[in-house]
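Counting starts at 1 for both ligands and their atoms, in listed order.
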Amino acid sequence: MEFSLIDRIRERTAQGRDDVRLGIGDDAALLTVPAGQELAVAIDTLVEGVHFPIGTASADIGWKALAVNLSDLAAMGATPAWALLALSLPKAEPAFIDELATGFAQLARAYRLALVGGDTTRGALTLSVAVHGFVPPGKALLRAGAQVGDVVFVTGTLGDAAAGLALLQRGGNADARSAYLIERLNRPTPRVAAGLALRGHAHACIDVSDGLLADLGHICTSSQVAAEIEVSLLPRSSALLDLFDDATSRQFALSGGDDYELCFTVPAQHVADVQADLARLGCGATRIGRIVEGSGVRVRDADGQWLEPEHRGWDHFGV
Ligand code: ADP
Ligand code: MG
């Protein structure tokens, strides 16, 4: 169905790869997994008004639908290769499709990722992207490997996307700092190179999609350990700190979603190597706490007090 729309998508996302024997156009794609590699697969769905605000530019929607999936591959330490795109659209508008495919392709090209198929139907605006990547057997970064004594790190800065969303909901956001935060919401950067660099060093890794507390909580649950983090160490951008008061920016950093940074744990003897490797990639990572015995995530305030759950922002941000 809708072949002209599919052709428009295919033209804009074309990517030559030897491992794609047959891409868009037949009943299924035919792909060759490199010998000796495991296939890492993930899928995420974005629904208009739920996962991106109504009115988001179509190029940003295309970018974000791929970015959130590449972030999952990054968190596994996998090299991206292929994607499928299932698209549900209220109406067949060529200009909208062209921009959406262009935003998708901008990010895909950076990773030589090929869009090899998908599905197109009529309905509420919804994008499901499935991604496929490669990882050497046994080398994937899991949530389950954290050990007592590990140092907890996070890449980049936290809370920017939640701040961007708050600014959009408030309206009026013409200045450069607001634009930066809104860009962080609409065009997240998947930390693919960082994920690859962490293979063999990190014990556990997850991408921060639902907020640091929730996602670090998943590492703790899977690994049967607890984490202690220090609010004073949370990396926050100057734009976030300039535009929001300390309590709000702290809540965004602890509980805001959509940042797509990596949170990972590293044994003490690998900390220096990891910091050097990530610095070389131009992807800063900040030490925010450590893994201890027990369960759950505990948060210590700047004055050394443990924060109670109601002060962490769980309720406000629906973690
Ligand atoms: P079928 O009915 O056999 O599933 P479709 O008409 O749905 O065929 O799709 C035709 C071809 O176009 C298939 O190769 C499919 O993978 C591809 N395709 C459909 N929609 C998309 C899309 N949104 N993005 C990429 N490829 C798509
Ligand atoms: Mg189909």
task = Identify, by atom number and element, the atoms of ligand 1 in contact range of I24, meaning under 4.0 Å from any of its heavy atoms.
result = 12 (O), 14 (O), 17 (C), 25 (C), 26 (N)
message = One residue to check: L115. Relative to ligand 1, which of side chain, backbone, both or neither has a non-hydrogen atom less than 4.0 Å away?
response = side chain
Ring centre gap for F134 and W82 strictly below 6.0 Å = yes
ask   = Under 4.0 Å from ligand 1, counting heavy atoms only, is it the side chain of I6, its backbone, both or neither?
value = side chain
key: Spatial distance of atom CG (D98) from atom CD (E93) [nearest 0.5 Å]   = 11.0 Å
key: Identity of the nearest option to atom 26 (N) of ligand 1, non-hydrogen atoms only, from S128, A28, G117, A29   = G117
task = Please say whether more than 12 non-hydrogen atoms of neighbouring residues, nucleotides or ligands are located less than 6.0 Å from CZ in R287.
result = no
remark   = d(L142 CG, M76 CE) to nearest 0.5 Å is 5.5 Å
Ligand 1 atoms in contact with D27 (distance to a heavy atom under 4.0 Å) = 3 (O)
message = Consider side chain to side chain donor-acceptor pair (under 3.5 Å). Of T157, D246, D160, which one does R236 pass it with?
response = D246
message = Quick check on contacts: which atoms of ligand 1 are under 4.0 angstrom from a heavy atom of G25?
response = 11 (C), 13 (C), 14 (O)
Atom CD of Q269: over 12 foreign heavy atoms under 6.0 Å = yes
note = To atom 20 (N) of ligand 1, the nearest of L127, T120, L87, L84 on a heavy-atom basis is T120
